[in-house]
Visitor: 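Please find one structure pasted underneath; my questions will follow.
Just follow the structure's listing: the first ligand is 1, and inside any ligand the first atom is 1. These figures come from a predicted structure and were not determined experimentally.
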Amino acid sequence: MAERKAYLDLGNGQPPIELPIYSGTLGPDVVDIRGLGKHGVFTYDPGFMSTGSCNSGITYIDGDQGVLLYRGYPIEQLAEQADFIEVCYLLQYGELPTLEQKQDFDHIIRTHAMVHDQINYFFRGFRRDAHPMAVMVGVVGALSAFYQDSANVSDPRHREISAHRLLSKVPTIAAMSYKYNMGQPFSYPQNRLGYAANFLHMMFSTPCEAYEPNPVLVKALDRILILHADHEQNASTSTVRLAGSSGANPFACIAAGIASLWGPAHGGANEAVLKMLEEIGDVSNIPQFIARAKDKSNPFRLMGFGHRVYKNFDPRAKLMRQTCHEVLNELGMHDDRLFSIALELERIALEDPYFIEKKLYPNVDFYSGIILRAMGVPVNMFTAIFAISRTVGWISQWTEMVSDAEQKIGRPRQLYLGPQRRDFRPIGER
Ligand code: SDX
């Protein structure tokens with residue numbers, strides 16, 4: 001694969017070290033540093049700002065151009081013309097499905113949405129006010145106790161079965177965690193319903209009356225799921241890959257991804273955005289929050305702004321803003337207070353030199369929470385819905401890694417800053 005070479009002179013009188021340079025289909029070239037260790041030196045890159053951890057053919061992001069491709073297809077086209085189950089097939093198998101392939105895949109996912117009935121007992125151990133993400137980390141991880149029949153990660157068919165089980169059951173577990181919070185009975189999945197409609201049914205139906213999801217809200221949720229499905233080697237995906245590199249089972253790996261996604265700097269940001277908008281309370285308070293975000297001595301950050309890769313508009317945020325308008329208009333909430341604050345906050349922030357200089361634009365989390373809140377989803381379920389969507393990205397990336405002949409157990413090194421070697425002193429001499 002190497003086309004060119006880089007030369008690293010360590011300034012130690014030795015000849016420069018030759019490092020192959022590889023070019024991908026799109027995006028920046030990479031310098032292969034795998035041989036550096038034998039020269040007694042490591043690279044140093046906390047947060048992996050400039051490090052490629054793997055090769056992948058799933059998702060491509062161009063942060064400067066605001067481009068996001070799933071298997072080469074622009075996110076704008078997929079959000080407009082595809083549905084989530086189609087995008088799941090694309091991410092997992094690499095190609096858009098034919099009609100027959102889509103129908104077969106959709107049937108598999110619909111008919112495996114029910115969880116083992118013993119799973120119900122796990123919920124009884126949680127307090128009723130347990131955060132849904134805490135429940136999901138526990139219950140999704142526990143799925144590995146039920147599926148020993150697909151535990152051989154080196155068997156492609158076992159991997160596919162586990163992927164299908166996760167895609168179909170994670171929404172059910174998320175909805176169960178909501179019902180448990182509410183003190184309502186669990187709603188079983190309905191095989192007659194599509195993915196997004198089934199989730200809304202499991203969330204909002206009760207035994208007391210018939211429930212049919214609003215088709216506008218179903219389409220909005222389906223789009224939210226498409227927009228959050230995968231995003232290259234983000235923190236939670238890298239967590240899944242690192243966990244999977246040891247040979248851990250996919251259920252445990254996805255549980256690790258859910259744990260990482262929960263952080264407010266990552267998928268937890270959509271929940272944090274709503275809390276921030278509520279705290280702002282009125283457009284007249286926006287300047288003071290902008291000032292706090294710019295104050296280096298203040299840890300406050302404008303939630304929903306900034307991104308490690310996007311130094312232009314996050315293409316998902318633009319699509320999410322459009323969906324926001326559609327949902328609020330459908331629900332007669334077009335003058336929604338928080339949406340008005342969000343629009344004004346975006347306008348002011350994008351004119352502020354600090355945000356312009358640091359290229360801080362709204363990201364995918366900035367508008368998603370407003371849509372979900374308008375749909376009646378409680379704030380503590382926002383990241384759980386992000387996790388439902390990202391499960392297909394995680395499991396596709398996990399599958400790609402496990403089947404990559406190049407993959408090895410992930411084991412980074414370090415720059416050691418601790419004490420020199422010293423001898424133990426008995427407690428009486430300390
Ligand atoms: C997601 O990686 C992915 O792909 C993630 C994701 C996905 O789909 O998987 O896109 C989903 O996680 C989106 C991001 C959601 N998080 C938030 O909205 C939380 C708020 N944003 C920030 O915490 C921050 O922008 C990050 C974490 C998203 C990115 O942080 P980086 O890349 O490590 O950048 P940084 O922290 O080094 O910030 C660069 C500068 C700093 O100032 P200086 O030290 O250079 O003076 O920009 C400032 C930061 O202080 N800055 C902000 C800011 N974000 C960065 N200042 C105010 N408000 C912000 N939101």
Visitor: Rounded at 0.5 Å granularity, tell me how far CZ in Arg34 sits from CG in Leu19.
Guide: 11.0 Å
Visitor: Are Glu344 and Arg347 close enough for a salt bridge, meaning some N to O gap below 4.0 Å?
Guide: yes
Visitor: Is Glu232 in contact with ligand 1, taking contact as a heavy-atom separation below 4.0 Å?
Guide: no
Visitor: To the nearest 0.5 Å, what is the distance between CD on Gln397 and CD on Glu400?
Guide: 5.5 Å
Visitor: Run the contact test for Pro264 against ligand 1 with a 4.0 Å cut-off on heavy atoms, strictly below, and give the result.
Guide: yes
Visitor: How many angstroms lie between OH in Tyr44 and CD in Gln414, if you round to the nearest 0.5 Å?
Guide: 10.0 Å
Visitor: Establish, from distance only, whether the side-chain atoms of Tyr70 and Gln77 form a donor-acceptor pair under 3.5 Å.
Guide: no
Visitor: Would you tell me which option among Tyr354, Phe386, Phe366, Tyr310 has the nearest heavy-atom contact to atom 48 (C) of ligand 1?
Guide: Tyr354
Visitor: Would you mind checking which non-hydrogen protein atom is closest to atom 17 (C) of ligand 1, with the distance to 0.1 Å?
Guide: Ala269 CB, 3.5 Å
Visitor: We want to know whether Tyr22 and Asp32 form a side-chain donor-acceptor pair, criterion being a heavy-atom distance below 3.5 angstrom.
Guide: yes
Visitor: Which atoms of ligand 1 have any heavy atom of Gly306 under 4.0 Å away?
Guide: 25 (O), 28 (C)
Visitor: Measure from NZ or CZ of Arg413 to the centre of the six-membered ring of Phe42, then state whether that distance is under 6.0 Å and the direction lies within 45° of the axis.
Guide: no
Visitor: Would you mind telling me which of Gln103, Lys102, Arg110 makes a side chain to side chain donor-acceptor pair (under 3.5 Å) with Asp106?
Guide: Arg110
Visitor: List the closest protein heavy-atom neighbour of atom 12 (O) of ligand 1: residue, atom name, distance to the nearest 0.1 Å.
Guide: His266 ND1, 2.9 Å
Visitor: What protein heavy atom sits nearest atom 9 (O) of ligand 1, and how far off is it?
Guide: Arg390 NH1, 2.8 Å
Visitor: To the nearest 0.5 angstrom, please state how far the CG atom of Asp314 sits from the CG atom of Asn363.
Guide: 6.0 Å
Visitor: How far is atom 42 (O) of ligand 1 from the closest protein heavy atom, and which atom is that?
Guide: Lys296 NZ, 3.3 Å
Visitor: Under 3.5 Å between some N or O of ligand 1 and some N or O of Lys311?
Guide: no
Visitor: Checking a contact table here: which protein heavy atom is nearest atom 21 (N) of ligand 1, and how many Å away?
Guide: Phe305 O, 2.9 Å
Visitor: Side chains of Tyr93 and Gln101: is there a donor and an acceptor less than 3.5 Å apart?
Guide: no
Visitor: Under 4.0 Å from a heavy atom of Gly304: give me the atoms of ligand 1 that qualify, with their elements.
Guide: 17 (C), 18 (O)
Visitor: In the protein, what heavy atom is nearest to atom 33 (O) of ligand 1, and what distance, to one decimal place, separates them?
Guide: Arg308 NH2, 2.9 Å
Visitor: For a quick check under 3.5 Å, do Ser53 and Arg241 share a side-chain donor-acceptor pair by atom type?
Guide: no
Visitor: Starting at CG of Asp83, measure out to OH of Tyr89 and round the result to the nearest 0.5 Å.
Guide: 14.0 Å
Visitor: Take every heavy atom of Asp365, measure it against each atom of ligand 1, and state whether any distance is under 4.0 Å.
Guide: yes
Visitor: Give yes if a backbone or side-chain nitrogen or oxygen of Ala265 is under 3.5 Å from a nitrogen or oxygen of ligand 1, and no if not.
Guide: yes
Visitor: Can you find an N/O atom of Asp314 closer than 3.5 Å to an N/O atom of ligand 1?
Guide: no
Visitor: Judging by distance only, is a nitrogen or oxygen of Leu360 under 3.5 angstrom from one on ligand 1?
Guide: no
Visitor: Walk me through whether Glu232 and Ser56 qualify under side-chain contact (heavy atoms from CB on, under 4.5 Å).
Guide: CA-CA 8 Å; Glu232 201 212 62; Ser56 177; over 6 Å; no
Visitor: For atom 10 (O) of ligand 1, which candidate among Met303, Lys359, His307, Lys358 holds the nearest heavy atom?
Guide: His307
Visitor: So for Lys294, does at least one of its heavy atoms come nearer than 4.0 angstrom to any atom of ligand 1?
Guide: no
Visitor: CG/Leu302 to NZ/Lys294 distance, rounded to the nearest 0.5 angstrom?
Guide: 11.0 Å
Visitor: Can you find a protein heavy atom under 4.0 Å from atom 39 (C) of ligand 1?
Guide: no
Visitor: Can you find an N or O of Leu302 that's nearer than 3.5 Å to an N or O of ligand 1?
Guide: yes
Visitor: Got the closest protein heavy atom to atom 2 (O) of ligand 1, with its distance?
Guide: Asn234 CB, 3.4 Å
Visitor: Considering only protein heavy atoms, which is closest to atom 35 (P) of ligand 1, and at what distance to one decimal place?
Guide: Arg301 NH2, 3.9 Å
Visitor: Which part of His228 is near ligand 1, with near meaning a heavy atom under 4.0 Å away: side chain, backbone, both or neither?
Guide: neither
